[in-house]
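Computed from a predicted model, the values in this text were never measured in an experiment. Indexing begins at 1, ligand by ligand and atom by atom, following the structure's order.
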Amino acid sequence: MHTRDTIAAIATAAGSAGVGIVRLSGQHARAIGEAIAGRALTPRHAHHVRFRDGDTSIDDGLAVYFAAPASYTGEDVVELQAHGSPAVLSQLLDACFSRGARPARPGEFTERAFLEGRLDLAQAEAVADLIAASDVRAARAARRALDGEFSQRVDAIAAALLHVRVHCEAAIDFADEPLDTLGGDDMRRRIEQIDIDLAALLEAAERGRQLRDGLHAVIVGPPNAGKSSLLNALAGVERAIVTDIAGTTRDVLHETVRVEGVELLLADTAGLRDSTDAIEREGMRRAHVELARADLAIVVLDARTIEAGVAATRDAIANVPAVLWLANKCDLEDSNVPAGFVAVSARTGAGLNEVRRRLHALAVGPDADTAQGAFTARTRHVHALMKAREELSLARAQIAHEHLDLAAEQLRRAHDALGEITGRVRADDLLGHVFSSFCIGK
Ligand SMILES: Nc1nc2c(c(=O)[nH]1)N(C=O)[C@@H](CNc1ccc(C(=O)N[C@@H](CCC(=O)O)C(=O)O)cc1)CN2
Ligand SMILES: Nc1nc2c(ncn2[C@@H]2O[C@H](COP(=O)(O)OP(=O)(O)OP(=O)(O)O)[C@@H](O)[C@H]2O)c(=O)[nH]1
């Protein structure tokens, strides 16, 4: 089983630190580790040793040997825990290479853990999400995905689907008989329940994706309404150029802001209006591209011209899942704040706390209390779940027409879509895509 070559990498972050770790995994990990540590290594012991490359003393530190399969990767693993100096760690790494280890590719330790069956693919992705998590909530959600909360729900649905598939395949052999005598009702009921479970999981995965990626919010509105001023106010820095010239913002500006611990990706866009200026029109085209993939539109209108503002923005935001309406410049006289709008002033800061509160609520989702149960997920997972639902609904239609052979094929595809999430079914280039986004040493 353990015939893979031996890989080595610095497992800790680049730069100086108290401690840094070089990690080895593979069939020669133990021999290489023992050569550098200068002694035999007992599994699950921390040996205080002097690390040497031949006659050269590199550092003193701890050597830890994890014997296969009881290790992170499931292979023999040795950790060389030294002082966290880039110079020390690179010497240790070279010592590993000169003894036959090769540099690990990004994510290769975790890929091996996956290949050894210690993690499924969604859990392996959660490892990367956990490392990249930028706030406590995202870290907790990644931790839950790593603990298998997402995978277990996928597996449960896949198991129910398998049951229906078996039933359907069996019924094909009795195609002469009416489906009702073959338990067709039961099959339909089960499919209905699977669809309900899929829909719920899809919703959770979509929120999990937002947790991982941050909520994509786009600031839109007519020229001069104060969009850039709002971005600056929320970001707490003068990020965007603010002038009283309409059409100042041409390109899309991105800024990450944190509201009550939740990360939000804000995009400031060019004001929406009819324009003959080529640059401004291109800016508006980019604003529409941004809106097409937005989770949330923050519509900024001048509180003195709300009606015209609504008319100018309504079409652009028609397909955005959530909208927050702001009446800006409420510090000015003759400003008017209709129901459904939050009164703000990007200039004085009035209303900004309410905006943050609303943004936080939108980012956390409708059930902030149960967000405890949230896990991170990826676009890849969301798409696979949508595919499973589509195939399932096609299968349903075929069953209604008693085309069981066609239904069986559709059910198989729905099942495969779920299998791709956990990696039990593998598209050829899937693993490469997933693990190449990791950092080296993980
Ligand atoms: N020093 C160090 N810290 C680390 C890691 C590591 O590889 N090295 N990890 C790496 O990402 C994470 C912990 N993940 C790990 C998961 C499994 C095993 C492991 O050896 N499992 C064996 C033995 C279990 C046991 O005895 O309790 C097993 O599951 O069989 C080690 C680390 C975070 N901290
Ligand atoms: N009084 C007042 N003026 C504001 C407020 N917010 C923005 N302004 C002013 O309105 C003008 C336009 O502000 P911007 O933030 O550049 O507006 P914008 O919507 O980004 O404009 P474009 O880039 O042209 O689309 C500037 O002169 C700002 O100082 C506010 O809350 N109160």
Side-chain angles (χ1 to χ4, degrees), residues 9-12 19-25 43-46 61-82 107 109-110 112-113 116-119 123-124 126-128 130-131 143 146-147 219-234 238-253 267-273 275 277 279-280 283-284 287 298-305 309 312-313 326-335 337 342-352 355 438-439 441-442:
I10 297 170
T12 41
V19 176
I21 301 179
V22 167
R23 184 160 56 169
L24 286 149
S25 181
R44 308 167 63 99
H45 280 257
L62 300 178
V64 184
Y65 167 45
F66 304 80
S71 73
Y72 177 68
T73 59
E75 303 176 324
D76 270 2
V77 168
V78 170
E79 286 187 9
L80 307 174
Q81 310 184 347
F109 289 91
T110 305
R112 288 185 174 197
E116 291 290 325
R118 302 189 62 83
L119 299 169
Q123 288 175 304
V127 170
L130 179 58
I131 292 170
R143 189 58 247 186
L146 178 51
D147 286 333
I219 305 176
V220 286
N224 250 342
K227 299 179 294 299
S228 301
S229 304
L230 181 80
L231 175 81
N232 289 340
L234 288 173
E238 296 300 309
R239 177 70 170 77
I241 300 172
V242 172
T243 71
D244 54 7
I245 303 164
T248 300
T249 303
R250 303 302 190 86
D251 205 350
V252 179
L253 267 178
D268 179 23
T269 59
L272 302 172
R273 65 167 170 183
S275 170
D277 179 88
I279 300 178
E280 203 179 342
M284 276 184 259
I298 303 173
V299 181
V300 179
L301 304 181
D302 186 319
R304 297 166 299 177
T305 54
T313 45
L326 305 184
N328 188 36
K329 308 195 186 183
C330 69
D331 55 294
L332 296 179
E333 274 176 46
D334 52 303
S335 65
V337 183
V342 180
V344 297
S345 167
R347 177 163 292 174
T348 67
L352 283 182
V355 171
F438 275 65
C439 46
K442 193 55 235 180

Quiz item: Any Lys/Arg nitrogen of Lys329 or Asp302 sitting under 4.0 Å from an Asp/Glu carboxylate oxygen of the other?
Solution: yes
Practice problem: Could you tell me whether atom 22 (C) of ligand 1 has a protein heavy atom closer than 4.0 Å? | Solution: yes
Quiz item: Given the protein's heavy atoms, is any one of them under 4.0 Å from atom 3 (N) of ligand 1?
Solution: no
Quiz item: Which option, Asn328, Ile219, Val300, Asp302, owns the non-hydrogen atom nearest atom 6 (N) of ligand 2?
Solution: Asn328
Exercise. Enumerate the atoms of ligand 2 whose separation from the nearest heavy atom of Ser229 is less than 4.0 angstrom.
Key: 6 (N), 7 (C), 13 (O), 14 (P), 15 (O), 28 (C)
Quiz prompt | Atom indices of ligand 2, in the order listed, that fall short of 4.0 Å to a heavy atom of Ser345 | solution = 30 (C), 31 (O), 32 (N)
Quiz item: Counting each atom of ligand 2 from 1 as listed, which ones have a heavy atom of Asp331 under 4.0 Å away?
Solution: 1 (N), 2 (C), 30 (C), 31 (O), 32 (N)
Quiz item: Can an N or O of Ser228 be found at a distance shorter than 3.5 Å from an N or O of ligand 2?
Solution: yes
Quiz item: Distance below 4.0 Å between atom 30 (O) of ligand 1 and any protein heavy atom?
Solution: yes
Practice problem: Could you tell me whether ligand 2 has any atom less than 4.0 Å away from a heavy atom of Ala225? | Solution: yes
Quiz item: Can a protein heavy atom be found under 4.0 Å away from atom 19 (C) of ligand 1?
Solution: yes
Quiz item: ligand 2 versus Leu332, non-hydrogen atoms closer than 4.0 Å: side chain, backbone, both, neither?
Solution: side chain
Quiz item: Any idea which protein heavy atom is nearest atom 9 (N) of ligand 1, and the distance to it?
Solution: Lys442 NZ, 4.3 Å
Exercise. Could you check atom 7 (O) of ligand 1 against the protein and tell me its nearest heavy-atom contact, residue, atom and distance included?
Key: Arg23 NH1, 2.8 Å
